[in-house]
Amino acid sequence: MDLEVLTCIRCSSSWNRQKTRGRKPKICPSCIPSLQKIEDDQEDAQILVVDELPPLKTKFKPGTKWQCPSCKVSIKINVGINYPPTHSCPKRLRRVLPLELQ
Ligand SMILES: [Zn+2]
Ligand SMILES: [Zn+2]
């Protein structure tokens, strides 16, 4: 059985503990009851938790119909989009204009 000597960061006393894998306690067993929560909070702060991205939601659902208010051309978008589609309008000197949701 392997033993390791650990030193308490609170009361500076040393104690022996069976060597295990994983994180080492920084506080001796007699101090743990009062400081367990604080130590846990500190550990958590050092770990960057990356949340899973929420499911992709688009502002406009797939299958929306859009029309140009100038030349009345209409298109159907089969994917979800967040911004209105644009087209270069032949009636407006081929300026790129956003379409309007129908
Ligand atoms: Zn201690
Ligand atoms: Zn147009």
Side-chain angles (χ1 to χ4, degrees):
M1 214 202 303
D2 258 352
L3 288 177
E4 63 183 341
V5 181
L6 297 166
T7 306
C8 177
I9 57 168
R10 191 187 187 223
C11 65
S12 297
S13 68
S14 297
W15 77 102
N16 293 320
R17 176 187 95 123
Q18 192 186 339
K19 227 176 197 172
T20 57
R21 285 165 17 135
R23 76 178 193 190
K24 292 174 184 168
K26 298 183 187 118
I27 296 163
C28 71
S30 57
C31 291
I32 281 176
S34 61
L35 283 178
Q36 184 72 57
K37 192 177 182 321
I38 295 167
E39 201 217 0
D40 281 348
D41 287 347
Q42 286 171 348
E43 289 287 327
D44 287 345
Q46 290 168 9
I47 301 167
L48 183 66
V49 179
V50 180
D51 284 329
E52 271 187 52
L53 289 170
L56 195 63
K57 261 193 184 165
T58 52
K59 196 173 166 192
F60 304 108
K61 289 181 190 141
T64 50
K65 274 187 173 173
W66 297 80
Q67 188 181 46
C68 175
S70 299
C71 67
K72 305 296 176 197
V73 77
S74 73
I75 56 164
K76 193 178 173 189
I77 303 278
N78 289 318
V79 294
I81 50 174
N82 283 315
Y83 301 99
T86 57
H87 89 144
S88 53
C89 187
K91 294 262 163 119
R92 300 286 294 273
L93 303 172
R94 300 213 77 84
R95 275 171 58 197
V96 177
L97 297 173
L99 304 183
E100 289 181 348
L101 187 63
Q102 276 193 315

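The model shown is predicted, which means the values in this text are computed figures rather than measured ones. Just so you know, residue 1 is the first one in the sequence shown, and it goes up from there. One-based numbering, in listed order, for ligands and for the atoms of each.
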A.B. asks: CZ/Arg92 to SG/Cys68 distance, rounded to the nearest 0.5 angstrom?
C.D. replies: 7.5 Å
A.B. asks: Side-chain heavy atoms nearer than 4.5 Å, only ILVMFWY residues, links allowed to pass through others: does that put Leu97 and Trp66 together?
C.D. replies: no
A.B. asks: Around atom CZ of Arg95, are there more than 12 heavy atoms of other residues, nucleotides or ligands at under 6.0 Å?
C.D. replies: no
A.B. asks: When you check the side-chain N and O atoms of Trp15 and Ser13, is any donor under 3.5 Å from an acceptor?
C.D. replies: no
A.B. asks: For His87, what is the atom name of its N, O or S atom nearest to the Zn ion (ligand 2)?
C.D. replies: NE2
A.B. asks: For the atoms SG of Cys28 and SG of Cys31, give the angle they form at the Zn ion (ligand 1), rounded to 10 degrees.
C.D. replies: 100°
A.B. asks: Quick one: angle Cys89 SG - the Zn ion (ligand 2) - Cys68 SG, to the nearest 10°?
C.D. replies: 110°
